[in-house]
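By convention in this document, chain letters (A, B, ...) are assigned in the order of the sequence lines, proteins followed by strands, and residues within each chain are numbered from 1.
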There are 2 protein chains.
Amino acid sequence: MAEKALDETDRRIIAILQVEGRLAIQELAARCGLSPSPCLRRVRALEAAGIITGYAAVIDQARVGLPVSVFASVKLERQREDALDRFEASVARWPEVVDCYLMTGQRDYLLRIVVRDIEAYERFLKDKLTRLDSVASIESSFALGQVKRSSALPIA
Amino acid sequence: MAEKALDETDRRIIAILQVEGRLAIQELAARCGLSPSPCLRRVRALEAAGIITGYAAVIDQARVGLPVSVFASVKLERQREDALDRFEASVARWPEVVDCYLMTGQRDYLLRIVVRDIEAYERFLKDKLTRLDSVASIESSFALGQVKRSSALPIA
DNA sequence: GTTGAAACCTTAACATA
DNA sequence: TATGTTAAGGTTTCAAC
């Protein structure tokens with residue numbers, strides 16, 4: 001989790017690539033006032049440092065038949081000491097779970113689950129989430145729509 | 001929000017590009033059992049159809065000095081009819097708000113706000129969110145860490 | 001879906017500050 | 001430590017089939 005010193009140019013590169021991840025290095029270089037070589041070297045360095053962890057096509061959930069996001073707030077039982085690791089391993093394995101955050105307040109996780117419809121969510125609950133015996137409680141909230149999903153962190 | 005008919009190859013392309021968004025078309029084509037031309041045409045068609053909405057470098061929040069995610073559950077006042085639009089417009093403008101979902105149960109939004117530290121969050125609350133007079137209540141939950149943030153929807 | 005050719009991009013070596 | 005220039009090799013793109 002170390003934080004590396006980033007200069008203006010690095011931040012510029014990140015800001016641009018967060019929004020235009022497939023931009024050619026030449027064009028990226030031009031927009032940063034660099035020639036392509038140092039620009040490419042910086043991008044590779046950012047990748048190597050684990051700051052840029054990858055590149056992703058951004059997909060419209062609804063248009064691929066997955067309009068429903070469900071937020072599940074999950075509380076784990078206090079008794080089981082290895083429960084957190086096992087819970088996290090399961091979550092990592094389940095493709096429906098798109099985001100998972102460990103929250104303050106002891107054993108709480110917030111998940112975002114992406115599914116085709118409510119029925120698919122019920123199946124996910126029944127076949128997967130409630131099967132973990134470390135789970136003490138689950139509270140589900142349904143999203144009607146995505147108002148904003150930014151690929152850009154507020155770097156600047 | 002129309003859903004277009006996607007064949008196996010389209011889904012394959014999406015699945016790959018969600019994880020390797022900068023993959024060369026040649027390589028993508030090879031993995032889909034296509035030659036580059038039709039593969040590129042399909043990618044362009046997915047972009048034109050609004051299924052692929054863009055490409056993004058995936059950034060490690062913590063390593064760029066933004067370790068804190070806050071989930072804010074916001075309830076709007078019932079009286080103001082134009083409140084939703086104005087709220088959504090504000091949210092779109094604020095870079096700290098990275099995700100925003102409209103939730104079931106009348107006037108509820110769930111926001112994810114990304115900041116440097118708790119102080120920055122307090123500043124966001126004080127200077128921005130609580131300034132909107134349509135906001136009836138805000139409940140904040142803090143994330144200690146990201147267990148999973150997948151760039152891949154469960155397409156398959 | 002295929003081929004092929006032109007245009008364009010990436011990248012490493014080496015020079016420079 | 002950082003960038004700039006060059007040139008070879010690879011990739012993208014599009015028209016014609």
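- Separation of the A:Tyr55 and B:Tyr55 ring centroids does not fall under the 6.0 Å cut-off.
- Between the CD1 atom in A:Ile25 and the CZ atom in A:Arg44 there is a gap of 6.0 Å [rounded to 0.5 Å].
- Annotation: B:Tyr101 is in aromatic contact with A:Phe71 [ring centroid separation under 6.0 Å].
- A:Leu76 and A:Ile113 fall within a single hydrophobic cluster, where Ile, Leu, Val, Met, Phe, Trp and Tyr side chains are chained together by heavy-atom contacts under 4.5 Å.
- Closest heavy-atom contact between B:Val115 and B:Ala120: CB-CB, 3.8 Å.
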Short N/O separations, protein against nucleotides 15-17 of chain C, under 3.5 angstrom:
none

Counting primed atoms, P, OP1 and OP2 as sugar-phosphate and everything else as base, the B/S/- map of nucleotides 10-17 of chain D against protein heavy atoms under 4.0 Å is -SBSB---
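- Counting heavy atoms from C-beta outward, A:Ile16 and A:Arg31 have side chains that approach closer than 4.5 Å.
- Residues A:Leu132 and A:Arg86 have side chains not in contact (no heavy-atom distance under 4.5 Å, counting atoms from C-beta outward).
- Look at CG on A:Leu34: it is 17 Å from P on C:dC9, rounded to the nearest Å.
- In this entry the distance linking CZ of A:Arg42 with C1' of D:dT1 reads 10 Å, nearest Å.
- With hydrogens and angles left out, the side-chain atoms of B:Ser73 and B:Tyr109 include no donor and acceptor closer than 3.5 Å.
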